[in-house]
Undergrad: 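Have a look at this one.
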Amino acid sequence: MSYNFKAVEERWQKVWDEKHAFEAKEDHTLPKFYALVEFPYPSGAGMHVGHIKAYSGLEVVSRKKRMQGYNVLFPIGFDAFGLPTENSAIKYNTHPRVLTDRNIEKFTSQLKKVGFSFDWNRVIDTTDENYYKWTQWIFRKMFDKGLVFREKTLVNYCPHCKVVLSNEDSQGGKCDICHSDIIQKSKEVWYLRITEYADKLLFGLDKVDYLPNIKLQQENWIGRSEGAFANFKLTNCDENESLRIYTTRCDTMFGVTFMVIAPEHPIIEKYRDRITNIADLDAYKEACAKKTEFERTQLVKDKTGVRIEGISAINPANGKEIPIYISDYVMMGYGTGAIMAVPAHDERDYEFAKKFGIDIIEVISGGNIEEAAYTGDGEMVNSDFLNGIKTKKEAIAKMLAYLTEKGIGEKGVQYKMKDWAFNRQRYWGEPIPIIHCPHCGMVGVPYEELPLRLPDMENFEPGEGGESPLAKVESFVNCTCPKCGGAAKRETDTMPQWAGSSWYFLRYCDPNNTEALASKEALDYWMPVDWYNGGMEHVTRHMIYSRFWHHFLYDIGVVPHDEPYAKRTAQGLILGPDGEKMSKSKGNVVDPNDVVEEYGADVLRVYILFMGDYGAAAPWSPSSIKGCKRFLERVEGLMYMAKGNGATPKLESAFHKAIKKVTEDIDTMKFNTAIATLMSLLNDIYDAKTITIDELKLFVKLLCPFAPHLAEELWSRLGETELVSLSSWPVYDEAKTVDDTVVIALQVLGKTKDTVEVPKDCDEDTAFAAAMTSEKFASLVNGKTIVKKIFVKNKIFNIIVK
RNA sequence: GCGGGCGUGGCGGAAUUGGCAGACGCGCCAGACUUAGGAUCUGGUGUCCCCGACGUGCAGGUUCAAGUCCUGUCGCCCGCACCA
C-alpha cells in the first residue's frame, strides 16, 4: 500500500486552511446556498461519532453545491453556555471561560481532522460578549414589546442542579441535564410569552419543507384546539359569580351532570367560608401536591376527587343544579382549570361518574352508555333545541350561537404549549439585562450599555435557596436605575441554555457586525437557511424557540422573512455495535478520534454515510468499516491503471448513469446508495481493466464530497494544480445513461422463467419474437393456447396460457 | 390510551414506487500469491427434497404480476401522555 492516509489528510487540510477554500464569498450576485447544522455544545468529552454523522450529511451536500457553482455558507460555531461546563468549573475549580476555550479548541481540532468544509472564518461562540450582546438585545426588544413577564408559580425545580426548568427540560418528571427527579416549587420566574406566537408557529409550518414527522411533532407540541368558553353560574356565591370552563364539545352541554375543577383552582380560596367541607378539600389538595409527576401518570386509571359541599353550579343549557368536584384529572395549566363533565360522552368523566354515582345522561345516540362512554357521532337526543341534529359540527355551531346570544359563552382556542420559563439560577449564562428599581419597577438595561457582562468570580456554587451565584457579587447587583437615577438592584438570573441557539444562524450571515446582529444586506442575501439538518431531539424545543424568536424579529423589522428554515431534515442515531444506544455506562461508545487514527477521516466519513438510511438508526460495525477502507484503496489503485484520454466505450454509459445517480442521491440524502453506486462503478472499471485519465478525473470529482482528502490527492497526482473541491461538478448526458438494448423478464402465468435482451423501446411483436428464441420460454408456450399477452415496455413480457 | 415509524439472507441494508427480490458492503466457503496472514487477488454464497419448488413478521384479499395496494393480526422502536 503506497497510500499514507495520515500524511495525505494532514497535507490537504493544511492546503484548505491556507487557501481559505471553503469560506463563503461576499459576492451577493452569486446564487447562494445556506446549509446549517446544529452547532455543538463543546463538552469536555470531545466529539462523538453522532456529531460526525450529524455534520456529514450537509457536508456532502455543501461540497456538491459548491462544485455546482453555488456560493455556499456552511458555518460552524459553539453553543457554549450551560451547566456541564459550570459543573466542571466547580469540580475542578477552573473558570468556565478557561474550560470553554479549551473545549472549543479541542472540538475545532477534531472537526478539522475530519476535513469538514466549514467556513472557519465565521465561527461563533455564544459565550463571547460580542455575541451575547445581541442575545441580550433581542431579549430587551421582547421586554419592550411586552413579551417578557415575571410570575410566581409552581415551577419545575431540579434539586440537584438547583435550577428552575422549563416544561420542555423536565419531560417525564426528570431533569433533562442530570436525570434526577424534579420537584414542584413556588418561585417568581421569568417567562417569554411564546403562546402569543402559537398560531404563527403553527400556520407557518404550511410554507416550509420539513420532514412530515417533524411538522407533526411541532403541531402536537403547539397543540391547538378549537372550542368554546362557557360560564356556569354558582349557587350560594356572590351575584353573577360563575365558573368558567373550556370545552371542545359544547354540543353535549345538555348532558352535563357535574363539574370538575383543578385542586388549585382559586374559586376554593375565594369561597372558603361557604364551603362546608373545606377540611376535606384541603386534605385532598395536599395529597395531590405530594404526588410526583411519576405517580400522577401511573395513576391515570384510578380517578380520585372530592365533592365540594355548600356551593353548586347551574347548567346554563337546561338550568339544572349540578355538583362540583375537585379532582387532579383536571389541570390548572390547561384551559381554565375547570371543566363541564359529560359522563355519557367522555371516557374520563364516565369513569369519574361511575365511581361517584353521578347521573349519566345520553345526548348523542349511537352508543350504549350503560357500558361505556360514547365518543362517536350520532343524532342529538335529550337536548331541547339540538334534538334531531345528526352531526357534531352542526350541533356545535348551534350551541355556540346560543351561548353567544345569551352572553354566557363564546368561541375559544386553547394550546397545549405553555409560556416559556426563561431563566436559570446559574453563573454560566447570559445575564438577563433588567434592573429592579424600587420606584420604577422593572427597567431594561439601556441598549448602549449592552453587553451586560458576566462579572468575574471565583465561586460558582449556586445558593442553597436556589438563587443565582451572581447574587453574591455586590458590584454586579448594586446599580443605579437608568430611569430615575436612584439606587437599584440588577436581576441576577441568567438565560437558559436555549437562548444563544435561538438566533445563531442569523449571526453566521455577518458574524463580526458591531452595529447590528447582522446587516440587512447580509440577511437579505443569505436568509432563509436553505437546508437545516439536526437531531430529532431538537425539533420541538430548539426549533420552536428559534422559530418564535425569528418570527418576533420579523415582526419588529429586523429580519426579512418570517420563517428561518426553508427545509429541515434529521439524521438517525449511530447505535453501539451491540445495537443499543451508545452510552458510557454500557461501554459501547465509539470514539471518532480512534477511527480517524486507525483508518483516516475519509474512511470514517464514507462508512458513516454508507451504514444505511441517513435518517434511520444503525449500529456501528467494526468489520463493515473495512469494506469502506478497501473501497478507497481500490480507488487509489486506479492511478496505476489510468492511461489515455477520452471515454472508454465499455464504461461510458456506466459513468453517465453514475453521475446521474450520485447527483440525485446527494440531493435526496440517499448517501448510502450514492456510495454503493461509486463502488459498483469501481467494480465495472476493474472488470473492464481499463480507465482513461479523463474518466478517472470524473470519478475523483464524484468521490470528492465523500472522501475529499483522497480526491485532492489523486487530483493533484493527475497533474491538476487547482483544488478538486473547487472544481466543477460533472454533468451527465441523459442520452448516454440509457442503453440501446434492455433485458426483459419472460414470464409465464406471472412467474419469471427466463430473460432476453431486446432493443430498447421495442414493440410487443418484436419482444414476443425475441421471447420465442428462449428455448425454455418457447417450450412452456408451444402446444398451449395463448389466452393473453401482457407486455410492459422495457420491463416484462408475461404470457397467460392454458 | 393517542400519534408516528418499522418488520426483507448469517449481519448492515437495496429495490426506478405494482414489473427479474436480495444492489452495495460485511461475514462465510473455495482457490491463488505467500515463511506467515486479522494483507491482497480470483470465483462462489437466500432456503430446500437443487433440471424443480419455496421465499420480504403472520393470515387472508385485489391483480396477468404484490416487499410495494386493501383487510385483519402479532412484534419492535420513537414521541405525547387525564389537553377537557
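Worth saying up front: this structure is predicted, and the values here are computed from it rather than measured. Residue numbering restarts at 1 for every chain, and letters A, B, ... go by the order of the sequence lines.
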Undergrad: Are A:F352 and A:F258 near enough that their ring centres are under 6.0 Å apart?
TA: yes
Undergrad: Base, sugar-phosphate, or nothing: which does A:D613 touch, judged by heavy atoms less than 4.0 Å apart?
TA: sugar-phosphate
Undergrad: OP1 or OP2 of B:A84 less than 4.0 angstrom from a side-chain nitrogen or oxygen of A:Y246, does that happen here?
TA: no
Undergrad: Any strand counts, and the cut-off is 3.5 Å on both contacts for Watson-Crick or G-U wobble. Which nucleotide pairs with B:A59?
TA: B:U71
Undergrad: So that I can tick it off, tell me whether A:E351 and A:K355 are bridged by a salt bridge, with the cut-off set at under 4.0 angstrom between side-chain N and carboxylate O.
TA: no
Undergrad: Does A:N683 make a side-chain N or O approach to OP1 or OP2 of B:G25 shorter than 4.0 Å?
TA: yes
Undergrad: Send over the distance from A:F671 CZ to B:A23 C1', rounded to a whole Å.
TA: 19 Å
Undergrad: For B:G46 and B:U40, measure between their P atoms and round to the nearest Å.
TA: 23 Å
Undergrad: Measuring only the P atom in each nucleotide, how far is B:G9 from B:G22? A whole number of Å is fine.
TA: 14 Å
Undergrad: Report the distance from atom CG of A:L682 to atom C1' of B:C24, rounded to the nearest whole Å.
TA: 12 Å
Undergrad: Rounding to an integer number of Å, can you tell me how far A:K629 NZ sits from B:G38 P?
TA: 14 Å
Undergrad: In whole Å, measure the gap between the C1' atoms of B:U56 and B:C20 for me.
TA: 15 Å
Undergrad: Under a 90° cut-off about 0 for the syn range, is B:U45 syn or anti?
TA: anti
Undergrad: Using a strict cut-off of less than 4.0 Å between a Lys/Arg side-chain nitrogen and an Asp/Glu carboxylate oxygen, indicate whether A:E764 and A:K788 qualify as a salt bridge.
TA: no
Undergrad: Is B:C58 in the syn or the anti form, by the rule that syn lies within 90° of 0?
TA: anti
Undergrad: Angle between ring planes, A:Y545 versus A:W420, binned at 30° and 60°: parallel, tilted or perpendicular?
TA: parallel
Undergrad: Mind checking the C1' distance from B:C2 to B:G67? Whole angstroms is fine.
TA: 29 Å
Undergrad: Considering only atom C1', compute the distance from B:A14 to B:A59 and round it to an integer number of Å.
TA: 27 Å
Undergrad: How long is the line joining CZ of A:F777 and P of B:C20, in whole Å?
TA: 16 Å
Undergrad: Looking for any heavy atom pair under 4.0 Å, which part of the strands does A:V787 touch: base, sugar-phosphate only, or nothing?
TA: nothing
Undergrad: Which is true for A:R224 with a 4.0 Å heavy-atom rule: it touches a base, it touches only sugar-phosphate, or it touches nothing?
TA: nothing
Undergrad: Kindly say if A:K670 contacts the phosphate of B:A15, meaning a side-chain N or O under 4.0 Å from OP1 or OP2.
TA: yes
Undergrad: Establish, from distance only, whether the side-chain atoms of A:Y614 and A:S56 form a donor-acceptor pair under 3.5 Å.
TA: no
Undergrad: Consider the side chain of A:S225, meaning its heavy atoms from C-beta on, and name the nucleotide among B:A84, B:C82, B:C24 that approaches it most closely.
TA: B:A84
Undergrad: For B:G19, which nucleotide is its Watson-Crick or G-U wobble mate, given both distances must be under 3.5 Å?
TA: B:C64
Undergrad: To the nearest Å, how far apart are A:Y599 OH and B:A39 P?
TA: 10 Å
Undergrad: Using a strict threshold of under 4.0 Å (side-chain N to carboxylate O), is an ion pair present between A:R224 and A:D199?
TA: yes
Undergrad: Go through the side-chain N and O atoms of A:E38 and A:H538 and say whether any donor and acceptor fall under 3.5 Å apart.
TA: yes
Undergrad: Within the structure shown, what part of the strands sits under 4.0 Å from A:A616 by heavy-atom distance: base, sugar-phosphate, or nothing?
TA: nothing
Undergrad: Between B:A14 and A:N672, is there an OP1 or OP2 to side-chain N/O distance shorter than 4.0 Å?
TA: yes
Undergrad: Between A:Q217 and A:T540, does any side-chain donor sit less than 3.5 Å from a side-chain acceptor?
TA: no
Undergrad: Tell me what A:Q414 touches on the nucleic acid: a base, only sugar-phosphate, or nothing, going by heavy atoms under 4.0 Å.
TA: nothing
Undergrad: Under 4.0 Å, heavy atoms only, any strand: does A:K793 hit a base, just the sugar-phosphate, or nothing?
TA: nothing
Undergrad: Here's a test of your reading of the structure: between A:R634 and A:E598, which maps to the more 5' nucleotide of RNA chain B?
TA: A:E598
Undergrad: Separation of A:Y329 atom OH from B:C83 atom C1', in whole Å?
TA: 13 Å
Undergrad: When you measure from the side chain of A:D328, which nucleotide among B:C82, B:A84, B:C24 comes out closest?
TA: B:C82
Undergrad: Tell me which nucleotide, if any, is Watson-Crick or G-U wobble paired with B:C2 when both distances must be under 3.5 Å.
TA: B:G79
Undergrad: Base, sugar-phosphate, or nothing for A:L216, non-hydrogen atoms under 4.0 angstrom?
TA: sugar-phosphate
Undergrad: Distance check needed: B:G3 P versus A:L211 CG, whole Å only.
TA: 21 Å
Undergrad: Partner of B:U40 by Watson-Crick or G-U wobble geometry, both contacts under 3.5 Å, or none?
TA: B:A32
Undergrad: When you get a sec, tell me which of B:A84, B:U40, B:G13 is the closest nucleotide to the side chain of A:A618?
TA: B:G13
Undergrad: Classify the nucleic acid contact of A:S621 as base, sugar-phosphate or nothing, counting any heavy atom under 4.0 Å across all strands shown.
TA: nothing
Undergrad: Report the distance from atom CE of A:M669 to atom P of B:A14, rounded to the nearest whole Å.
TA: 15 Å
Undergrad: What do you reckon, is NZ of A:K581 surrounded by more than 12 foreign heavy atoms closer than 6.0 Å?
TA: no
Undergrad: Partner lookup for B:G52, please. Criteria are Watson-Crick or G-U wobble with both distances under 3.5 angstrom; report none if nothing qualifies.
TA: B:C48
Undergrad: What's A:I790 touching, base or sugar-phosphate or nothing? Going by heavy atoms closer than 4.0 Å.
TA: base
Undergrad: If you check the A:I800 side chain, which of B:C64, B:U16, B:A84 turns out closest?
TA: B:C64
Undergrad: For atom P, what is the distance between B:G10 and B:U47, given to the nearest Å?
TA: 7 Å
Undergrad: Using a strict 4.0 Å threshold on nitrogen-to-oxygen distance, state whether A:E226 and A:K393 make a salt bridge.
TA: no
Undergrad: Taking only the side-chain heavy atoms of A:Y334 (C-beta and beyond), determine which of B:A84, B:C24, B:G3 contains the nearest atom.
TA: B:A84
Undergrad: By the rule that syn is within 90° of 0, classify the base conformation of B:G79 as syn or anti.
TA: anti
Undergrad: So what does A:D346 touch, heavy atoms closer than 4.0 Å: a base, only the sugar-phosphate, or nothing?
TA: nothing
Undergrad: Would you mind classifying the nucleic acid contact of A:D349 as base, sugar-phosphate or nothing, using non-hydrogen atoms under 4.0 angstrom?
TA: nothing
Undergrad: Nearest to the side chain of A:A676, heavy atoms from C-beta on, is which of B:C24, B:U16, B:G25?
TA: B:C24
Undergrad: Among B:G12, B:A84, B:C20, find the nucleotide with the atom closest to the side chain of A:P619.
TA: B:G12
Undergrad: Look at the side chain of A:T752 and decide which nucleotide, out of B:C20, B:U40, B:C24, has an atom nearest to it.
TA: B:C20
Undergrad: Would you tell me if any nitrogen or oxygen in the side chain of A:R630 comes within less than 4.0 Å of OP1 or OP2 on B:G25?
TA: no
Undergrad: 5'-most contact on RNA chain B: A:D754 or A:A617, nearest heavy atom basis?
TA: A:A617
Undergrad: Can you tell me, in whole Å, how much space there is between the C1' of B:U8 and that of B:G55?
TA: 10 Å
Undergrad: Any donor-acceptor pair, under 3.5 Å, between the side chain of A:K303 and the base of B:C82, if you only look at N and O atoms?
TA: yes
Undergrad: What interatomic distance, in whole Å, is found between P of B:G44 and the corresponding atom of B:G25?
TA: 13 Å
